[in-house]
2 protein chains.
Amino acid sequence: MANKTHNTEEKILEAAKTVFHRKGFEGARMQEIADEAGINKALLHYYFRTKENLFDAVFKAAFREIFTKLFMTIDADVPLEKKLKNLISEYIGFFQKNSYIPGFILTEMNQNPEKIISVFKSAPVSPSMVFERMKEFMYDEKLEKTDVRELFINILALCIFPVVARPMLQNIFDFSDEQYDQFIEKRKKTIPQLIMNTIRKK
Amino acid sequence: MANKTHNTEEKILEAAKTVFHRKGFEGARMQEIADEAGINKALLHYYFRTKENLFDAVFKAAFREIFTKLFMTIDADVPLEKKLKNLISEYIGFFQKNSYIPGFILTEMNQNPEKIISVFKSAPVSPSMVFERMKEFMYDEKLEKTDVRELFINILALCIFPVVARPMLQNIFDFSDEQYDQFIEKRKKTIPQLIMNTIRKK
DNA sequence: ACATGGTTTAACCAGATAGTTAAACTAAAT
DNA sequence: ATTTAGTTTAACTATCTGGTTAAACCATGT
């Protein structure tokens, strides 16, 4: 028998991703997800018994995606300045392609903070180890003593905020889609400069 | 006859604010809002006929609050560095007290981008004029030529992100409530430094 | 030929929820 | 004393929605 399972499950997750992102958990309708996946409601429940199950699967996937990527790049073994450039440029690029993820996570965070914590516990990389590694790096390269947490949060903020707040900012700036993409593209260069300014010994 | 109207309407808006923030539009229940306001459902509908009406009122208020504050401070007539310090410190302070606002707006932005635009049109300050003013300021003080939009977005990102992403970050950092508050407090000083670094002529 | 697992169809149920309505109560305003 | 705006109570409706079920279909592997 053909293994349609894999394919369909994939299709469902993809559809759920879209709809949950568009409407949030409460706003999303199982029927809408089924339609989006090109299947029917009964089959949807056949695969993921409940709405919660389905949501959890989607949420955890998004969460893993965003954090493994981040922590992996921080952990890579290249000189700091180079690493910073890579990190920021890759991360922004990732968000350009998966712009739904940060907003999705932030939204859910507002409504179910507990869920975040539970998902964190199952994460493949430990944040505290990443911070330790960042610290060592900065010590080795004789950089300005900075709170690594503050560094971490600054990078994240500068990369993620423009993506999350895009609908608003694009309107404030009166930018077309292309203009805004270009604007973000430019930031792949300016953000590393800005960050290096703050940690380079004067 | 006593003017209870004002008081009750106020109470309802306050309650709606809380519940919409906690649950989002779809997740919020009229009954819950009524309970939170200490009144009954019938009266709720008596004041704001529909759920949409109520939500709109709350949303617009939040939106106005955050943007008038921002644009007013930018527009104030003090030296740039001082203004920057004021702006950031006041703005962060404002978020500490109204931490629900940014998340609320971001969430809604994901789900109804159109609404943002319509609310913007009714805004009391025009963004483009604010940018012009920022430009003049920077020219007068002979600062590094920088894209004012980028400057604007950076400030916003650094101030808002730590508030919006708090549940997640606090968990990553393993901070208590006090520790996190203190962490944000510290940023009232470090962010202006960081920003000045990027615009001060070398 | 038959069994199997994925799939569809279509009907159904139970619970929740937005919104309505009508009747009665309260306290201030006239 | 009467009116009136604000408020409560409680019941009701219409609709939506998550979830279930049963029966049939279909393609494949055996």
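Worth knowing before you read on, the calculation uses all heavy atoms, side chains too, and leaves out hydrogens, waters and symmetry mates. Chain letters run A, B, ... following the sequence lines, proteins first and then strands; every chain starts at 1.
- Residues from residues 31-42 of chain B that place a heavy atom under 4.0 Å from any atom of DNA chain C, listed by number: B:K41, B:A42.
- With rounding to whole Å, A:K11 atom NZ is found 11 Å from C:dG6 atom C1'.
- Within the structure, a side-chain polar atom (N or O) of A:Y46 is placed less than 4.0 Å from OP1 or OP2 of C:dG6.
- Closest to the side chain of B:K51, out of D:dG18, C:dA18, C:dT7, is C:dA18.
- Between A:N154 and B:R187, some side-chain heavy-atom pair lies under the 4.5 Å cut-off.
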Derivation and outcome, side chain to side chain donor-acceptor pair (under 3.5 Å), residues B:D174 and B:Q179: CA-CA 9 Å; B:D174 198 22; B:Q179 280 176 311; over 6 Å; no
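- By the 6.0 Å and 45° rule, A:K83 stacks over the aromatic ring of A:F137.
- Here D:dT20 presents its P atom at 7 Å from NE2 of A:H45, a figure rounded to the nearest Å.
- Looking at B:F48 and B:L13, their side chains come closer than 4.5 Å, going by heavy atoms from C-beta outward.
- Atoms CD1 and CD, on B:I191 and A:E150 in that order, are 7.5 Å from each other to the nearest 0.5 Å.
- The separation between A:N7 atom CG and D:dA27 atom P is 16 Å, rounded to whole Å.
- With hydrogens and angles left out, the side-chain atoms of A:D35 and A:Q31 include a donor and acceptor closer than 3.5 Å.
- In this model, the phosphate group of D:dG18 is approached by a side-chain N or O of A:R29 to a distance below 4.0 Å at OP1 or OP2.
- When rounded to the nearest whole Å, the span between OH of A:Y47 and P of D:dT20 equals 17 Å.
- Between B:T8 and D:dT7 there is a side-chain polar atom (N or O) within less than 4.0 angstrom of OP1 or OP2.
- What separates CG of A:L44 from P of C:dT9 is a distance of 15 Å, to the nearest Å.
- In this entry the distance linking CG of A:L43 with C1' of D:dC26 reads 14 Å, nearest Å.
- A:M30 places its CE atom 6 Å from the P atom of D:dG19, with the value rounded to the nearest Å.
- Atom CZ in B:F183 sits 8.0 Å away from atom OG1 in B:T190 (nearest 0.5 Å).
- Rounded to whole Å, atom C1' of D:dG6 lies 11 Å from atom CD1 of B:I12.
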